[in-house]
Colleague: 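Okay, handing you the structure first.
Hydrogens, waters and symmetry mates are skipped; everything else that's a heavy atom, side chains included, is used. Please read all numbers here as calculations on a predicted model, not as lab measurements. So that the names make sense, note that chain A is the first sequence line, chain B the second, and so on, each numbered from 1.
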Amino acid sequence: MNDYLVKILTETLKKLYPDVQIPEITIEKPRIVEHGDAATTIALQLTKLVGKPPRNIAQEIKEALPSGGWIQEVEIAGPGFINFRFADSFLFDKLAEILNAGSEYGKGTQLDGKKYLVEFVSANPTGPLTVGHGRNAVLGDTIARLYEWIGADVDREYYFNNAGRQMRVLGASVSARYQQILGKNTELPEGGYEGEYIRDIAQKLVDGKGDSLLSDPDNIIFKETAEKLIFDDISRTLERMKIVMDSFFNENDLYENGSIQDVLKRLREKDLIYDEDGAVWFRTTLFGKEKDTVLVKSTGEPTYRLPDIAYHCNKLDRGYDKCIDIFGADHIATYPDVVSGIEVLGYDKERVDVLVYQFVTIVMDGKPFKMSTRKANFVTLDELMDEVGADVTRFFFLMRSPGTHLEFDIAQAKESGEKNPVYYLQYAYARIQSIMRKVFESYKFEGEANLSLLTHEVELKVIKDLMEFPEWIASAAMSKEPHRLINYLNEVATDFHKFYHDCRILGEDPALAYARVRLLAAVSMVMANGLSILGITAPDRM
RNA sequence: GGCCCGGUAGUUCAACAGGAAAGAACAGACGCCUCCUAAGCAUCAGAUCUGGGUUCGAGUCCCGGCCGGGUCACCA
């Protein structure tokens, strides 16, 4: 429709003002219903170029536009807006198209043939996933789903490091608990992990190995067992949230396959690193930073930036058109170094992209709650899902713009039950299924429905809503803001609930009932598809 | 102190990359179940931190304040 409007407007303007350089014509959707279905501000923009008052220009355009077709009415309003109202016949054609597309409706082709990699969660296996990881996990997965809906071939990857200091502390913590269970008076190491799950892991070792490890408290088995069990736990949690990773990437592989050394070598060849005080420095001042950055400490251990750069090179070398990272706000400072790194190594920086989301503030008993995995002050995602379920959990993390702080009131989330906004969407879907079950008991429809019987204001509004579905998916995907899709589905649900209130099916004339059934089939489709993108179930009854 | 987010109704958030009269939800007030699920609908009340600027037009863009969060390590 927009393309059509732009086309006829362009032709008209060329005729009217052959000497004027026409600016790009944009079509907007007015916020106010009375302002029509589509609008353009082109007359306002032409004021200076044409040298006439905007309303006069609008009037000239209106008179010169071809009449009929998809447009029923053209109106001039305010300072010079040109408003269009769609012809009902156009809406019915679109509805028929939507029904035709069925479960494919909403898909786009913007990323057809593209290979994308979304890297997310990426929590080191030191403990269960907490509410703090939830936003990352759900955003990453949903953005991957959105990309898939507009044509991309998407892989989901989990990046982790099992070789760092934190993991050593983890192993030592398990060892200490192991000794305690066997009656020895050993204390947790300095900064050790205090969570109950550490004791569970130690107990498993006692069950399996008895006291045979007492003589070897530094055995790697403590760390390895912890890593394995914790990863199992993380995978189960992700699965509960309907997240399935395609790959897990171990940072350690970058050392073993020489990528780290290779990156250093290439940077050195370009004279972008130097040695000082026993450390290796990256000349980040060349890219606008105040200080150069240490890549390898004087101890010989790299800082995390170096493997980060090597990892991104690795991803790009695997042939992805685009690699997206999902980061919390605390990691934003590292990102420019990575971009600089891959760029000087000859990669197109447009191929990496990042979504930075703001922190989740946990509110418990009306007070902000500071979480720490090490200190075992946390609410796990599993606990949260036990309370409110996976649907509510996913919805909660998606309903707000990633760029804004998310306040997660535990008490409210647990209590939310019937008042939770996710039920508003699911209820709309369930209501339609309920109607359908009843309708098919008493009606038999044959042939094609006569959609032009849909003349009620709210019926037409619903069709207009449904028409927008593909645009909103694309918009949510390209902006990496899934909440836009939620806002949209909310509007569809609202208009459906109004329809439910104003229009009936049972008891109506069969022809009208049939047309309405078709309309609801389309609404049902959009709700089901929309919820599936969000990873939320669409229940047949509630 | 430098850089990055954010500041919208009592509260939590929208506003689709500058458009017309700033939308929801919760909390508050009030109405609707002899009617396909009241997990719903309808009505009322209520907001753009502040000072300049750009523009026909600013919550949105620019500059200066103020407030909150993040980040600036040879920690990850």
Colleague: Going by purine N1 to pyrimidine N3 plus the second Watson-Crick contact, or the G-U wobble pair, all under 3.5 Å, which nucleotide sits opposite B:G40?
Modeller: B:C32
Colleague: Taking only side-chain nitrogens and oxygens of A:R55, does any of them come within less than 4.0 Å of OP1 or OP2 of B:C56?
Modeller: no
Colleague: Looking at A:Y304 and B:A76, is any side-chain donor or acceptor paired with a base atom of the opposite kind under 3.5 Å?
Modeller: yes
Colleague: Under a 3.5 Å cut-off for both distances, is B:C61 Watson-Crick or wobble paired, and to whom?
Modeller: B:G53
Colleague: N/O contacts under 3.5 Å, protein versus nucleotides 2-6 of chain B?
Modeller:
residue: B:C5; atom: O2'; partner: A:Q358; partner atom: NE2; Å: 2.9
residue: B:C5; atom: O2'; partner: A:G403; partner atom: O; Å: 2.8

Colleague: So, are A:R268 and A:D275 salt-bridged, with charged N and O less than 4.0 Å apart?
Modeller: yes
Colleague: Let's test your reading of the model: under 3.5 Å, does the base of B:C36 pair with the side chain of A:S434 as donor and acceptor?
Modeller: no
Colleague: For A:E441 and B:C36, what is the distance between atoms CD and P respectively, to the nearest whole Å?
Modeller: 13 Å
Colleague: With both distances under 3.5 Å as the test, what is the Watson-Crick or G-U wobble partner of B:C3?
Modeller: B:G70
Colleague: How long is the line joining NZ of A:K291 and P of B:G1, in whole Å?
Modeller: 18 Å
Colleague: Using O4'-C1'-N9-C4 for purines and O4'-C1'-N1-C2 for pyrimidines, with syn meaning within 90° of 0, is B:C26 syn or anti?
Modeller: anti
Colleague: Using a strict 4.0 Å threshold on nitrogen-to-oxygen distance, state whether A:K52 and A:E60 make a salt bridge.
Modeller: yes
Colleague: At under 4.0 Å, does any side-chain N or O of A:Y500 touch on OP1 or OP2 of B:A38?
Modeller: yes
Colleague: Is the distance from OP1 or OP2 of B:C35 to the nearest side-chain N or O of A:K438 less than 4.0 Å?
Modeller: no
Colleague: In whole angstrom, what separates A:H497's NE2 from B:C36's P?
Modeller: 16 Å
Colleague: When the nearest nucleotide of RNA chain B is assigned to A:G164 and to A:D502 on a heavy-atom basis, which residue is associated with the more 5' position?
Modeller: A:D502
Colleague: Atom OH of A:Y429 and atom P of B:C36: how far apart are they, to the nearest Å?
Modeller: 21 Å
Colleague: Counting only side-chain nitrogens and oxygens, does A:H483 get under 4.0 Å of the OP1 or OP2 atom of B:A15?
Modeller: yes
Colleague: What I want to find out is whether A:E491 reaches A:K461 closely enough, with some N-O distance under 4.0 Å, to be called a salt bridge.
Modeller: yes
Colleague: In whole angstroms, how far is the P atom of B:C26 from the CZ atom of A:F396?
Modeller: 14 Å
Colleague: Across all strands shown, which nucleotide pairs with B:A25 by Watson-Crick or G-U wobble geometry, both distances under 3.5 Å?
Modeller: B:U11
Colleague: Closer than 4.0 Å, any side-chain N/O of A:T303 to the OP1 or OP2 of B:A73?
Modeller: no
Colleague: Nearest whole Å is fine: how far is B:C36 P from A:L519 CG?
Modeller: 20 Å
Colleague: Shorter than 3.5 Å, N or O on both sides, protein versus nucleotides 18-21 of chain B: list them out with atom names.
Modeller:
residue: B:A20; atom: OP1; partner: A:R31; partner atom: NH2; Å: 3.3
residue: B:A20; atom: OP2; partner: A:R31; partner atom: NE; Å: 3.2
residue: B:A20; atom: OP2; partner: A:R31; partner atom: NH2; Å: 3.0
residue: B:A20; atom: N6; partner: A:N83; partner atom: OD1; Å: 2.7
residue: B:A20; atom: N1; partner: A:N83; partner atom: OD1; Å: 3.1
residue: B:A20; atom: N1; partner: A:N83; partner atom: ND2; Å: 3.0

